Amino acid sequence: MTAPRPLRIAEIFGPTIQGEGALIGEATVFIRAGGCDYRCVWCDSLHAVDSAWRETWAPMTPKAVWDEVLRLSGGRPLTVSISGGNPAIQDFAPVIARGKAEGYRFACETQGSVARPWFGDLDTLVLSPKPPSSKETVDWKAFADCVAAGAGAGRTVMKIVIFDAADLAWARAAHARHPELPLYLQPGNPEVDPERSVDPQALADRMLWLVEQTTGAGWFVPRILPQLHVLIWGNRRGV
Ligand SMILES: C[S@@+](CC[C@H](N)C(=O)[O-])C[C@H]1O[C@@H](n2cnc3c(N)ncnc32)[C@H](O)[C@@H]1O
Ligand SMILES: Nc1nc2[nH]cc(C(=O)O)c2c(=O)[nH]1
Ligand code: SF4
Ligand SMILES: [Mg+2]
């Protein structure tokens, strides 16, 4: 029997709080997978996307990944969020199986370009299709496949980053395609260089603009949240 290919892991960190979307504020350990099939112009996690960072991604067995989550959490069950990069280009089923057996809960953040059977094992599947400002293009058939793969999950939600009016109009159309998915919007952070500090007032201004444009247009569907971790820690990695 050949050993399964190791996972490529950019970082495992926490416990911190989930800073975005449906699980905001919840104690979380993050597993950040290395590698992505997209390259959004405003990606805040390029160290897990750009192949220039490939040498920093550790090959780890599911057991080694799980041992690190156990170490960080002190063996006390919490929510583990699998993000990236796009974690769906790898097989996280063995990690999820181990963790669930020990009472941990699992969430996954993915753009919805690649469907995986293990989406159905998650407590929360966060699908984050990319609006025009990202310069990526959504394959809605692949996205629907992801929704279907997540049918067994506790819940599936949609989270969309908004930079401008075109993104907001696009988000309305995305919601019309998948009205069954609870919708979360978050303002985009234009300054993602970890060496540079964020401007909290500029982020608040973007949040205010988004709230006004959404409620002002009589669109009361989405929940609108800032990236809480960015307000607290700026662009620092590993938090
Ligand atoms: C870094 S991605 C990793 C998971 C997956 N590749 C995805 O995009 O959903 C995690 C979340 O961060 C969001 N994100 C990335 N860059 C951002 C930025 N500059 N401002 C706000 N949110 C951002 C993504 O849209 C996604 O919802
Ligand atoms: N605290 C915290 N919350 C997050 N929510 C989504 C994140 C991500 O990069 O996937 C993230 C992250 O990196 N840190
Ligand atoms: S899909 Fe996610 S990880 Fe990949 S480039 Fe876009 S924001 Fe970054
Ligand atoms: Mg992030």
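One-based numbering, in listed order, for ligands and for the atoms of each. Not measured: the values here are computed from a predicted model.
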- Task: Look at the side chain of Ser113 and the backbone N and O of Gln111, then say whether any donor-acceptor pair between them is shorter than 3.5 Å.
- Result: no

- Message: Closer than 4.0 Å to some heavy atom of Phe13 - which atoms of ligand 2 meet that?
- Response: 13 (O)

- shortest atom 7 (C) of ligand 2-to-protein heavy-atom contact is with Phe30 CE2, 3.8 Å

- Task: Considering heavy atoms of the protein only, find what lies nearest to atom 21 (C) of ligand 1 and give residue, atom and distance to 0.1 Å.
- Result: Gln227 OE1, 3.3 Å

- Quick one: which ligand 1 atoms are inside 4.0 Å of a heavy atom on Lys159? 27 (O)

- Message: Tell me the protein heavy atom at minimum distance from atom 20 (N) of ligand 1, and give that distance in Å.
- Response: Asn189 N, 2.9 Å

- Message: Does only the side chain of Leu228 get under 4.0 Å from ligand 2, or the backbone, or both, or neither? Count heavy atoms.
- Response: neither

- Task: Determine, stepwise, if the pair Lys130 / Ser128 fulfils side-chain hydrogen bond (donor to acceptor under 3.5 Å, both in side chains).
- Result: CA-CA 6 Å; Lys130 296 298 176 268; Ser128 185; 3.1 Å; yes

- Looking only at protein heavy atoms, identify the closest one to atom 3 (N) of ligand 2 and say how far it is in Å. Gly19 N, 3.0 Å

- Ligand-residue contact atoms, ligand 1 with Ser45, heavy atoms, under 4.0 Å: 1 (C)

- What is the closest protein heavy atom to atom 27 (O) of ligand 1, and at what distance does it sit? Ser128 OG, 2.9 Å

- Message: Among all the protein's non-hydrogen atoms, which is closest to atom 22 (N) of ligand 1, and how far away is it?
- Response: Gln186 NE2, 3.0 Å

- Message: What I'd like to find out is whether the side chain of Val126 reaches to under 4.5 Å of the side chain of Tyr184, using heavy atoms alone.
- Response: no

- Query: Can any side-chain N or O of Asp167 pair as donor or acceptor with the backbone N or O of Phe163 at less than 3.5 Å?
  - Reply: yes

- Query: Is there a donor-acceptor pair under 3.5 Å between the side chain of Glu136 and the backbone N or O of Arg39?
  - Reply: yes

- Item | Those atoms of ligand 1 less than 4.0 Å from some heavy atom in Gly188 | 20 (N), 21 (C)

- Hey, is Arg237 close enough to Glu11 for a salt bridge, meaning N to O under 4.0 Å? no

- Message: Classify the ring geometry of His47 against Trp53: parallel below 30°, tilted from 30° to 60°, perpendicular beyond 60°.
- Response: perpendicular

- Message: Under 4.0 Å from a heavy atom of Val239: which atoms of ligand 2 are those, numbered in the order shown and with their elements?
- Response: 1 (N), 2 (C), 12 (C), 13 (O), 14 (N)

- Answer yes or no: is there a donor N or O on one side and an acceptor on the other, between the side chain of Arg8 and the main chain of Pro59, under 3.5 Å? no

- Message: Give me the nearest non-hydrogen protein atom to atom 10 (C) of ligand 1 as residue plus atom name, then the distance to 0.1 Å.
- Response: Glu109 OE1, 3.8 Å

- So do Val80 and Val95 actually touch side chain to side chain, heavy atoms under 4.5 Å? no

- Task: Identify, for atom 12 (O) of ligand 1, the protein heavy atom at the shortest distance, and state residue, atom and that distance.
- Result: Glu20 OE1, 3.8 Å

- Task: Consider every N or O of Gly85 and every N or O of ligand 1, then say whether any pair is closer than 3.5 Å.
- Result: yes

- Identify the closest protein heavy atom to atom 1 (N) of ligand 2: which residue and atom is it, and at what distance? Ile17 O, 2.8 Å

- Task: Answer yes or no: is there a donor N or O on one side and an acceptor on the other, between the side chain of Asn86 and the main chain of Thr110, under 3.5 Å?
- Result: no

- Query: Short N/O distance, under 3.5 Å, between Lys159 and ligand 2?
  - Reply: no

- For Cys43, the ligand 1 atoms with a heavy-atom partner under 4.0 Å come out as 16 (N)

- Message: Could you identify the single nearest non-hydrogen protein atom to atom 13 (O) of ligand 2 and state the distance to 0.1 Å?
- Response: Arg32 NH2, 2.8 Å

- Message: Could you measure the distance from the CG atom of Leu208 to the CD1 atom of Ile224? Nearest 0.5 Å is fine.
- Response: 10.5 Å

- Query: Any idea which atoms of ligand 1 are less than 4.0 Å away from a heavy-atom of Gly84?
  - Reply: 1 (C), 3 (C)

- What protein heavy atom sits nearest atom 8 (O) of ligand 1, and how far away is it? Lys130 NZ, 2.8 Å

- Item | Nearest-contact summary for atom 10 (O) of ligand 2 - protein heavy atom, Å | Ser83 OG, 2.6 Å

- Item | Distance from atom 5 (N) of ligand 2 to nearest protein heavy atom, with residue and atom | Gln18 OE1, 2.6 Å

- Item | Salt-bridge present (Asp67, Arg71; N to O < 4.0 Å) | no

- Query: Between Lys100 and Asp121, is there a donor-acceptor pair closer than 3.5 Å when you use the side chain of the first and the backbone of the second?
  - Reply: yes

- Crowding at CZ, Arg223 (>12 non-hydrogen neighbours, <6.0 Å): no

- Query: Is a donor on one side and an acceptor on the other found under 3.5 Å between the side chain of Glu20 and the backbone of Leu225?
  - Reply: no

- Item | Gln111 neighbourhood, listing ligand 1 atoms whose heavy-atom distance to it stays under 4.0 Å | 5 (C), 6 (N), 7 (C), 9 (O)

- re atom 15 (C) of ligand 1, the protein heavy-atom contact at minimum distance is Asp44 OD1, 3.3 Å

Review item, side-chain donor-acceptor pairs of residues 137-144, under 3.5 Å, at least two apart:
unit_1	atom_1	unit_2	atom_2	d
Asp139	OD1	Lys141	N	3.0
Asp139	OD1	Ala142	N	3.1
Lys141	NZ	Asp145	OD1	3.0
Lys141	NZ	Asp145	OD2	3.0

- Message: For Tyr104 and Trp66, I'd like to know if the aromatic rings sit close, meaning centre-to-centre distance below 6.0 Å.
- Response: yes

- Query: Which part of Thr110 is near ligand 1, with near meaning a heavy atom under 4.0 Å away: side chain, backbone, both or neither?
  - Reply: backbone

- Message: Using a 4.0 Å heavy-atom cut-off, which part of Trp233 comes near ligand 2: side chain, backbone, both, or neither?
- Response: neither

- Contact partition for Gln227 relative to ligand 2, non-hydrogen atoms under 4.0 Å: neither

- Message: Are any of the N/O atoms on Trp42, whether in the backbone or the side chain, positioned under 3.5 angstrom from an N/O atom of ligand 1?
- Response: yes

- Task: State the atoms of ligand 1, each with its element, that fall below the 4.0 Å cut-off from a heavy-atom position in Val192.
- Result: 19 (N)

- Query: Is there side-chain contact between Pro187 and Trp209, with heavy atoms separated by less than 4.5 Å?
  - Reply: no

- Message: I need the contact type for Asp44 against ligand 2. Using non-hydrogen atoms and a strict under-4.0 Å cut-off, is it side chain, backbone, both or neither?
- Response: neither

- Taking everything shown except Glu55 itself, do over 12 heavy atoms lie less than 6.0 Å from its CD? no

- Note on the structure: the protein heavy atom lying closest to atom 2 (C) of ligand 2 turns out to be His229 CG, 3.4 Å

- Can an N or O of Ser83 be found at a distance shorter than 3.5 Å from an N or O of ligand 1? no

